[in-house]
Amino acid sequence: MHEITLTIPHFSLRDTLLCGQCFRWEENPDGSFSGFAGAHYADIRQAGSQVLIASSQADAGFWHAYFDLDTDYEDAKRRLYRYRAMRGPIDRAGGIRLLRQDPWEALCSFIISQNNNIPRIKGIVGRLCEGFGSPVPGGFSFPAPERLAGCTADDLAPLRAGFRAKYILDAAKKVADGTIDPARIAHSSTGEGEAELMQILGVGVKVAQCALLYGFHKLDAFPVDVWMKKSLALYFPNGFPKQAKKIQGIAQQFLFHDIRTYQEERSG
DNA sequence: GGCCAGGCTTTTC
DNA sequence: GAAAAGCATGGC
């Protein structure tokens, strides 16, 4: 294993890895985390502003990018703090960073997420990797679209993904044959990317926005699910301010984690 | 046991 | 067009 240390002030590793943006990390009893980012297995723990990564590969640059260290979150939080309603969510959930995940993995994972819950999403994603991924140090990679494009729904039955299996296959085929081009979406506007992704069976606005935010790092993407509807009703009944549109994806993550973790029992 | 889960597609009114 | 049903599976 290779030891890599990153310095990330005002950061919460736990909130970042458990807030529902990724599905391949598990918390250990000692508070560290084990799992995968792309094909990189790692054990990660946080000590203050130090993030200690024991990685299967000597690739500090990869982890620098994964934890999005080139984005200034302190600046984003200062801007968002102008809105009184954001202050509680920032104080409670402001340690979250938007991970720069692989686009295909994020797209596929959030197709699986629909009408589903996070523990079961993790189970399906785990079985997908073990059944169809490639062996890498520490476990299995997330399967490439080309690997899944030749599969049938019956092949995916062991995943117990239910009705989502045919959506996974449609997405894999359209990415593998170029109908959907992640490289093109990466250079497109969020609106254009949404339209392209929604060509996939089983991808609506919510899943497309999740893929754009978590897989393509489009910080103006803004997925709204049942939790975000609750949060917006509580904090922004007149809608999220358009002045903050460029970083509303960061705000979304604070609001989502806050409402799920801290406000569930509070009556509106 | 019915309800719900980071929804979407299909059918029906 | 809008609203409702249907969809697989599992946890509570």
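First the proteins, then the strands, lettered A, B, ... as listed; each starts at 1.
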Whether the side chain of A:Tyr214 and the base of B:dG6 hold a donor-acceptor pair under 3.5 Å is what I'd like checked. yes

Base, sugar-phosphate, or nothing for A:Gly204, non-hydrogen atoms under 4.0 angstrom? sugar-phosphate

Touch class at under 4.0 angstrom, heavy-atom based, for A:Val224 against every strand present: nothing

Test log, rule salt bridge (charged side-chain N to carboxylate O under 4.0 Å, His left out), inputs A:Arg100 and A:Asp68: CA-CA 6 Å; A:Arg100 287 187 182 260; A:Asp68 196 22; 2.9 Å; yes

Step by step, work out the side-chain hydrogen bond (donor to acceptor under 3.5 Å, both in side chains) result for A:Thr7 and A:Gln50. CA-CA 5 Å; A:Thr7 300; A:Gln50 301 291 99; 2.9 Å; yes

Charged N to carboxylate O below 4.0 Å: is that the case for A:Glu130 and A:Arg127? no

State plainly whether the residues A:Lys246 and A:Asp220 are in salt-bridge range, i.e. N to O under 4.0 Å. no

Output the rounded distance in Å from [atom1] ([X]) to [atom2] ([N]).
X: A:Lys166; N: B:dG7; atom1: NZ; atom2: P; result: 16 Å
X: A:Gln199; N: B:dC8; atom1: CD; atom2: C1'; result: 16 Å
X: A:Asp170; N: B:dC8; atom1: CG; atom2: C1'; result: 13 Å
X: A:Leu201; N: B:dG7; atom1: CG; atom2: P; result: 17 Å
X: A:Trp227; N: B:dA5; atom1: CH2; atom2: C1'; result: 10 Å
X: A:Phe163; N: B:dG7; atom1: CZ; atom2: C1'; result: 7 Å
X: A:Leu169; N: B:dT9; atom1: CG; atom2: P; result: 15 Å
X: A:Ile200; N: B:dC8; atom1: CD1; atom2: C1'; result: 13 Å

Inter-nucleotide [atom1] distance ([N], [M]), Å rounded:
N: C:dG6; M: B:dG6; atom1: P; result: 23 Å
N: C:dA2; M: B:dA5; atom1: P; result: 25 Å
N: B:dC8; M: C:dG10; atom1: P; result: 22 Å

Does any residue of residues 107-130 of chain A have a heavy atom under 4.0 Å from DNA chain C, and if so, which ones, in number order? A:Asn115, A:Arg120

Indicate, with yes or no, if the rings of A:Phe110 and A:Phe23 have centres closer together than 6.0 Å. yes

Distance-only, no hydrogens or angles: does the [X] side chain make a donor-acceptor pair with backbone N or O of [Y] under 3.5 Å?
X: A:Arg92; Y: A:Asp258; value: no
X: A:Trp104; Y: A:Val175; value: no
X: A:Ser12; Y: A:Asp15; value: yes

When A:Gly202 and A:Gln252 are each assigned the nearest nucleotide of DNA chain B, the 5'-most assignment goes to A:Gln252

In terms of hydrophobic clusters joined by side-chain contacts under 4.5 Å, are A:Phe163 and A:Leu128 together? yes

Going 5' to 3' along DNA chain C, between which two nucleotides do contacts with chain A fall, using a heavy-atom cut-off of 4.0 Å? C:dC7 to C:dG10

A:Asp170 vs A:Lys173, test: salt bridge (charged side-chain N to carboxylate O under 4.0 Å, His left out). Steps then yes/no. CA-CA 5 Å; A:Asp170 192 64; A:Lys173 286 172 184 169; over 6 Å; no

